[in-house]
Amino acid sequence: MSRFTEAEIALIERLRALKAMPDMSINVFEVGDPLTSAGFSQDEILEVLYALEQDKIIALLPGNRLTMLKELPNG
């Protein structure tokens, strides 16, 4: 399994733990800090966030926030 895939799975699991739903705004630090503690780099986390944004699952917002645009993909 690639490192990107590992980070993607961890990030999606974290969003699920936060009960992320469409139109919900989340502080990026609520997602990133636990993943950093789990051994993922900031660059790895950002790469996954950018991929989710490109897939129109999230939108990154000013002030270190993200908003959910649609439900998370099934694992």
Side-chain angles (χ1 to χ4, degrees):
M1 179 180 315
S2 74
R3 188 68 175 165
F4 175 85
T5 302
E6 290 176 17
E8 182 179 38
I9 290 168
L11 194 144
I12 289 173
E13 285 177 0
R14 179 64 187 148
L15 289 172
R16 285 189 201 291
L18 293 171
K19 300 186 185 326
M21 300 179 68
D23 297 322
M24 183 176 181
S25 177
I26 299 170
N27 186 323
V28 172
F29 294 114
E30 290 181 64
V31 177
D33 286 349
L35 294 180
T36 301
S37 296
F40 294 100
S41 72
Q42 190 173 25
D43 288 340
E44 290 170 325
I45 296 164
L46 284 173
E47 187 178 348
V48 173
L49 288 172
Y50 292 146
L52 291 175
E53 185 175 46
Q54 185 176 353
D55 291 342
K56 301 196 184 321
I57 295 170
I58 68 166
L60 296 171
L61 305 173
N64 292 314
R65 299 200 64 78
L66 65 85
T67 189
M68 299 298 301
L69 299 177
K70 58 185 174 182
E71 290 190 26
L72 292 167
N74 292 327

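Quick note: numbers below take in every heavy atom, side chains included, and nothing from hydrogens, waters or symmetry partners. Counting begins at 1 with the first residue of the sequence.
- Between the CG atom of Asp23 and the CE atom of Met68 there is a distance of 10.0 Å, given to the nearest 0.5 Å.
- Taking CG of Leu69 as the reference point, atom CG of Asp55 lies at 11.0 Å (rounded to 0.5 Å).
- The CG atom of Leu61 sits 8.5 Å away from atom CD of Glu53, with the distance rounded to the nearest 0.5 Å.
- Summarising the geometry of Thr5 relative to Ser2, their closest heavy-atom pair is OG1-OG, 2.9 Å, with the distance given to 0.1 Å.
- Here the side chains of Ile12 and Arg16 are in contact, with some heavy-atom distance below 4.5 Å.
- Within the 3.5 Å criterion, the main-chain N or O of Glu30 finds a donor-acceptor partner in the side chain of Arg14.
- Here the CG atom belonging to Leu35 is positioned 11.5 Å from the CD atom belonging to Gln42, to the nearest 0.5 angstrom.
- Taken to the nearest 0.5 Å, the CD1 atom of Ile58 stands 4.5 Å off from the CG atom of Leu49.
- When the side chains of ILVMFWY residues are joined at heavy-atom separations under 4.5 Å, either directly or via intervening members, Leu72 and Leu60 end up in a single hydrophobic cluster.
- Using modelled atom types, one side-chain atom of Asn27 and one backbone atom of Phe29 make a donor-acceptor pair closer than 3.5 Å.
- Here the side chains of Leu66 and Leu52 are not in contact, with every heavy-atom distance at 4.5 Å or above.
- Taking each heavy atom of Ser25 and Arg65 in turn, the nearest pair found is OG-NE, 2.9 Å.
- With salt bridges taken as basic N to acidic carboxylate O contacts below 4.0 Å, one links Arg3 and Glu6.
- Counted within 6.0 Å of OH on Tyr50, heavy atoms from surrounding residues, nucleotides or ligands total 12 or fewer; the atom is thus considered open.
- Phe4 is connected to Leu46 through a chain of hydrophobic side-chain contacts under 4.5 Å among Ile, Leu, Val, Met, Phe, Trp and Tyr, so both are in one cluster.
- Nearest heavy-atom pair, Ile45 versus Gly32, reported as atom, atom and distance to 0.1 Å: CD1-O, 3.7 Å.
- More than 12 heavy-atom neighbours from other residues, nucleotides or ligands sit within 6.0 angstrom of CE on Met24.
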